[in-house]
A.B. asks: 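Here it is: the structure, laid out below.
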There are 2 protein chains.
Amino acid sequence: MRTSDKHTKIIEAAITVFARKGFFSARISDIAKEAQVADGTIYLYFNNKYDILISLFEEEIGKIILEVKLLLEKETDPRKMLHIFALHHMQLMEEKKELAEVLQMELRQSNKFMKEYRNTKFIEYVDVVSAIIHKGQEEGVFRKSLLPGVFKRAFFGALDETSRLWVLSPDHSYTIDEAARQISDIFISGIMTDS
Amino acid sequence: MRTSDKHTKIIEAAITVFARKGFFSARISDIAKEAQVADGTIYLYFNNKYDILISLFEEEIGKIILEVKLLLEKETDPRKMLHIFALHHMQLMEEKKELAEVLQMELRQSNKFMKEYRNTKFIEYVDVVSAIIHKGQEEGVFRKSLLPGVFKRAFFGALDETSRLWVLSPDHSYTIDEAARQISDIFISGIMTDS
DNA sequence: GAAAAATGAATGAATACACATTCATAAGTC
DNA sequence: GACTTATGAATGTGTATTCATTCATTTTTC
């Protein structure tokens, strides 16, 4: 048993501090204070500052993938599956705003300062979308001309940017659920008036 | 006249260095070396490291807005306008990979470490999209139920994420123009098989 | 079961180093 | 030779990381 689970406590503190200040501006002493732990204690659980960030990515994205795959198991209609993915992603970003900020900001530029680190977990997550598209094409529900590699990025990008700004901005003229619905509708049916 | 335009030389060097290392890992001495200028010279043209980044944002996004607005002037069909925006954005990211990386990575988290800085130029850019949607709704071409505030973010996010990964990854099974076409098609017509 | 010994988790002050910024000096320009 | 522009070594600050020490808990001994 991890004694009183300091590992988790530090990860959670790091999420809060990285969200507030960004990885580089965050000080180890900030994280230590937030976790109610001495600076040195952090080095009993992590090798260095980067290691905290990587552990955070792996563990948290791992959880997200498990969750969404579980939800998708119950559904077979590719259209509904896309909506489930959208809704789950957006709700998650809303529920865990701090985690959302860290993933959206730091994850993307992590390859800049950590040369060796390949974020396979993140790729695995986005590939859930391309699997849905592939299934839809097999079943003749989605156009065969769609490039799943383009679609997964476009769909993920749309969700991520929308939730990112929703979390940032204070005025909410629409709910997260509405936004998720709009986005999956746009992607599934387009935006033209029915004719 | 800015003497031999060192200002521009430094901005261009900064784009290269920030793209390679990210803002925080980039050293002033790296930028100076890239610009073939002494470290101290940079402080004759900019107040500090942050100031280089802000100037870079303002000047480069300013140029992009002018360009795309000029292109859009010639077109009145909102569907075609969306495609023009998409294509221009993607082509730009391809032509100026380094600038693309800096804008995509650093712009988004700039509000973290520069508390006071509000990026109005960026908002202005994305609002070009919501203006197109609004026009399309007025003309009855786009559904009235669309929320322009959601759409602009989703559309921009889709373009940005797709071009981001296209620039990053070495294998290109599709061209930038194909990707732009796919994305505007998806948004305009959806992904369902024609029935 | 009380006292002694061993353990290792936790601490936080001290260290070491990287790097943004300054400024005395030099080079260029008219 | 006065003024502008450029240089790059020196300075100072901030903070990641280390490590000698503390102390609560567990194990051993009688």
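Side chains are part of it too, since the values below use all heavy atoms of this structure and drop only hydrogens, waters and symmetry mates. Naming: A, B, ... by sequence-line order, numbering from 1 per chain. In this text, all values refer to a predicted model and were calculated from it rather than measured experimentally.
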A.B. asks: How is A:Ala26 classified with respect to the nucleic acid when contacts are heavy atoms under 4.0 Å: base, sugar-phosphate, or nothing?
C.D. replies: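 Sugar-phosphate, no base atom in range.
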A.B. asks: Could you work out which one of D:dA16, D:dT5, C:dT21 sits closest to the side chain of A:Tyr43?
C.D. replies: D:dA16
A.B. asks: How long is the span from the CE atom in A:Met93 to the CG atom in A:Leu99, to the nearest 0.5 Å?
C.D. replies: 6.0 Å
A.B. asks: Report the distance from atom CG of B:Leu44 to atom C1' of D:dC3, rounded to the nearest whole Å.
C.D. replies: 14 Å
A.B. asks: Nearest to the B:Ile28 side chain among C:dA20, C:dA10, D:dA6, which nucleotide is it?
C.D. replies: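 Within the option list, the nearest is C:dA20.
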A.B. asks: Of the listed nucleotides (D:dT7, D:dT17, C:dA20), which one gets closest to any side-chain atom of B:Ala38?
C.D. replies: D:dT7
A.B. asks: As a test of reading the structure: which of C:dA10, D:dA16, C:dT21 is closest to the side chain of A:Arg27, going by heavy atoms?
C.D. replies: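 For the A:Arg27 side chain, the nearest candidate turns out to be D:dA16.
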A.B. asks: Return the value, rounded to whole Å, for the distance between atom CD of B:Gln36 and atom P of D:dT7.
C.D. replies: 10 Å
A.B. asks: What is the separation between atom NZ on B:Lys6 and atom P on D:dT4, rounded to the nearest whole Å?
C.D. replies: 17 Å
A.B. asks: Walk me through whether A:His7 and A:Phe46 qualify under ring pair (Phe, Tyr, Trp, His ring centres under 6.0 Å).
C.D. replies: CA-CA 8 Å; A:His7 176 98; A:Phe46 301 92; 5.0 Å; yes
A.B. asks: Among D:dT17, C:dT11, D:dG8, which is the nearest nucleotide to the side chain of A:Val37?
C.D. replies: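 Looking only at side-chain atoms, A:Val37 lies closest to C:dT11.
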A.B. asks: Would A:Phe85 and A:Phe156 count as a ring pair (Phe, Tyr, Trp, His ring centres under 6.0 Å) if you check the C-alpha gap in whole Å, the side-chain angles of each, and the deciding distance to 0.1 Å?
C.D. replies: CA-CA 10 Å; A:Phe85 185 94; A:Phe156 176 77; 7.5 Å; no
A.B. asks: Rounded off to whole Å, could you give me the NZ-to-P distance for the A:Lys33 and D:dT15 pair?
C.D. replies: 12 Å
A.B. asks: Separation of A:Asn48 atom CG from C:dC17 atom C1', in whole Å?
C.D. replies: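 In whole Å, C:dC17 C1' lies 16 Å from A:Asn48 CG.
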A.B. asks: Rounded to whole angstroms, how far apart are CZ on A:Phe24 and C1' on C:dA18?
C.D. replies: 13 Å
A.B. asks: Examine distances only and state if a side-chain atom of B:Glu106 and a backbone atom of B:Phe23 form a donor-acceptor pair shorter than 3.5 Å.
C.D. replies: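 Between the backbone of B:Phe23 and the side chain of B:Glu106 there is a qualifying donor-acceptor contact (under 3.5 Å).
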A.B. asks: Which atom names give the shortest non-hydrogen contact between A:Phe18 and A:Ile52, and what distance separates them?
C.D. replies: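 Looks like CE1-CG2, 4.3 Å.
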A.B. asks: Nearest to the A:Lys49 side chain among C:dA9, D:dT17, D:dT7, which nucleotide is it?
C.D. replies: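 The answer is D:dT17.
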A.B. asks: Quickly work out the A:Tyr45 OH to C:dT11 C1' distance and round it to whole Å.
C.D. replies: 12 Å
A.B. asks: Rounding to a whole Å, what distance do you find between A:Asp30:CG and D:dT17:C1'?
C.D. replies: 16 Å
